[in-house]
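This structure is a prediction, so every number in the text was calculated from the model and none was measured. Chain identifiers are assigned alphabetically (A, B, ...) following the order of the sequence lines, protein sequences preceding nucleic acid strands; residue numbering begins at 1 within each chain.
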2 protein chains.
Amino acid sequence: MDDHLTVGRLAELAGVTVRTLHHYDEIGLVTPSARTAAGYRAYAAADVERLRQVLTYRRLGFGLREVAELISDPRADAVAHLRRQRELLVGQREQAAALIAAIDKELEARAMGIKLTPQEHLEVFGTDKVGGEWAAEARERWGDTDAYQVSQRRTASYTKEDWTRIKAEADAVRDGFAEALRTGLPASGARAMDLAERHRQHISQYFYECGYPMHRGLADMYLADPRFTGHYESAEPGLAQYVHDAFHANADRHQPAG
Amino acid sequence: MDDHLTVGRLAELAGVTVRTLHHYDEIGLVTPSARTAAGYRAYAAADVERLRQVLTYRRLGFGLREVAELISDPRADAVAHLRRQRELLVGQREQAAALIAAIDKELEARAMGIKLTPQEHLEVFGTDKVGGEWAAEARERWGDTDAYQVSQRRTASYTKEDWTRIKAEADAVRDGFAEALRTGLPASGARAMDLAERHRQHISQYFYECGYPMHRGLADMYLADPRFTGHYESAEPGLAQYVHDAFHANADRHQPAG
DNA sequence: CCTTGACCCTCACGTGACGTGATGGCGCAT
DNA sequence: ATGCGCCATCACGTCACGTGAGGGTCAAGG
């Protein structure tokens, strides 16, 4: 009774109710590895660790049935779990950040006395949807590994190296734009438009299908969102506007009537 | 039927099921402001907006009963809602970030063949608990609006100008580091340490109390998280490591025994 | 005009993850 | 031996929908 915990103790430790532990025992999700003579549940260190995994996955939006599958997956060791959990958490964090950005945008608009278009309001739904069904999406992704790389909009599971490459390419494009601006080339010139096209293809390859209409949207976003604006403005004043114009010029070139 | 939406359309738009909208209608949470002759639900723009509020609060972990109270609170206008939602989202984002940090820590430890102490394992429970009851905590906090402004740790509601200044300062520090690295100054030299200190005070002023131990944590983080790494590496190769070393050197200077 | 298929309606029971007692057995201190 | 707190097992309640069943509505095409 010294290296084993009672339900009450474990519940307090883990921040859940006793009933929850009973429930997990009932459905066989976290079963105490021993019982006292009187029938008291006795949780060992390994049980605590298992509960920790369970609660982590639960927090990520998985149902208990799914959690059971995940943690009993024989081809996944502790590190694999941690990597998976990390990814999902990054997704959650990004999602929260996206919603914060949307709210900032709206607050800003209201502060300036501008009413946003219904279109812009719907962004929240969009991100919200992705958010609410994040786990579901993740599940689908793990289902078939073929369509996975192809159709996903988000950053899936890039390795550190991938990110480094992505960042490098993004910076290369930015620096290219900065130089074009400094040397006085027009935003609608061939050099700027080529850089815009390179950027569009980069986004398409690593993030999501980005057609010309969507690329136009990105251009506007880069002017509207201070974070993105800062990314370009910090390299060269006026660069955000320049990039914006180049994106649109490039879109005009490939798909007139925009 | 032109400015009104049917259930199906709204459901798709909002990323929820038709059944959910039926349910919200049943309990009087989001009731369509009109019905067609055939009895079809007809949602007007105001209804859509209300649904948006509902889904936002729901996403933040509130029960529908609570959501109903929140959005029918007469002393809260749209901006107040947005500010509240923003705060809760910042909390969620921080919480996710905290868990990511905890996982990074464990992954790092495992990579180095170190087993963490049970103490450290329990951190996850701690943050998890805070997370699960985030909404409850938030509710308590709103009890007194005085402590509210004071005790907030994060970025609350910075203006666009604030963000621009913040970004500018961050870039100035980065460029300073880059130059120091290029000119061959050591990471433990006066120039680098002064920049580190400037960075720390910047963080403390605009974001959160950042003591030397926490600044050390940030240093490690900058090497661990590819986005932060990219921020520095893109300016100059090897800069992330350099900055990391400078932070630690600076911390050593002010608080030995680290 | 009439069919067809996609959409809509209202019951109404099912489900997942527990909450909330009810009733009774340990275990230790006074 | 007698509280008092914690433990056990039923067993029903709840919340936010899911999932059909059975039947009306509507726009498009034959």
request  = Let me see the working for Arg200(A) and Glu197(A) under salt bridge (charged side-chain N to carboxylate O under 4.0 Å, His left out), right down to the final yes or no.
outcome  = CA-CA 5 Å; Arg200(A) 194 187 65 80; Glu197(A) 179 63 15; 2.9 Å; yes
Sugar-phosphate only, base, or nothing, as touched by Val18(A) at under 4.0 Å among non-hydrogen atoms = nothing
task = Apply the test side chain to side chain donor-acceptor pair (under 3.5 Å) to residues Tyr24(A) and Arg19(A): give CA-CA distance (whole Å), side-chain angles for both, the deciding distance (0.1 Å), then the verdict.
result = CA-CA 9 Å; Tyr24(A) 291 173; Arg19(A) 175 67 177 113; over 6 Å; no
ask   = Roughly how many Å is it from CD in Glu66(A) to C1' in dG16(C), rounded to a whole number?
value = 11 Å
ask   = His23(A): what forms a side chain to side chain donor-acceptor pair (under 3.5 Å) with it, not counting sequence neighbours?
value = none
query = Given atom CG of Leu64(B) and atom C1' of dC17(D), what is their separation to the nearest angstrom?
reply = 9 Å
task = Round to the nearest Å and state the distance from Arg58(B) atom CZ to dC15(D) atom P.
result = 16 Å
message = Near DNA chain D, counting only heavy atoms under 4.0 Å, which residues of residues 23-31 of chain B show up?
response = His23(B), Tyr24(B)
note = The residue among Thr20(A), Val54(A), Leu10(A) that forms side chain to side chain contact (heavy atoms under 4.5 Å, CB included) with Val30(A) is Val54(A)
task = Measure from CZ on Arg19(A) to C1' on dG13(D) and round the result to the nearest Å.
result = 11 Å
message = Could you measure the distance from the CD1 atom of Ile103(A) to the CG atom of Leu89(B)? Nearest 0.5 Å is fine.
response = 5.0 Å
task = Respond yes when some side-chain nitrogen or oxygen of Thr36(B) is under 4.0 Å from OP1 or OP2 of dC8(C), and no when none is.
result = no
query = Does Arg35(A) place a side-chain N or O at less than 4.0 Å from the phosphate oxygens OP1/OP2 of dC26(C)?
reply = no
Short side-chain N/O contact to dG18(D) OP1/OP2 from Thr20(B), under 4.0 Å = yes
note = Separation of dC15(D) atom C1' from Phe62(B) atom CZ, nearest Å, is 17 Å
request  = Rounded off to whole Å, could you give me the OH-to-P distance for the Tyr40(B) and dT10(C) pair?
outcome  = 11 Å
key: Separation of atom NE2 in His22(A) from atom P in dA22(C), rounded to whole Å   = 17 Å
ask   = On DNA chain C, nearest-nucleotide positions of Thr17(A) versus Ala37(A): which is more 5'?
value = Thr17(A)
note = Comparing nearest nucleotides in DNA chain D, the 5'-proximal residue of the pair Ala38(B), Gly8(A) is Gly8(A)
ask   = Any donor-acceptor pair under 3.5 Å linking the side chain of Arg52(A) with the backbone of Asp47(A)?
value = no
query = In whole angstroms, how far is the P atom of dG19(C) from the CG atom of Leu21(A)?
reply = 10 Å
note = Side-chain atoms of Arg41(B) come closest, of dT10(C), dC15(D), dC7(D), to dT10(C)
inquiry  = Please enumerate all residues that pass side chain to side chain contact (heavy atoms under 4.5 Å, CB included) together with Val7(B), with sequence neighbours excluded.
reply    = Val18(B), Leu21(B), His22(B), Arg41(B), Tyr43(B)
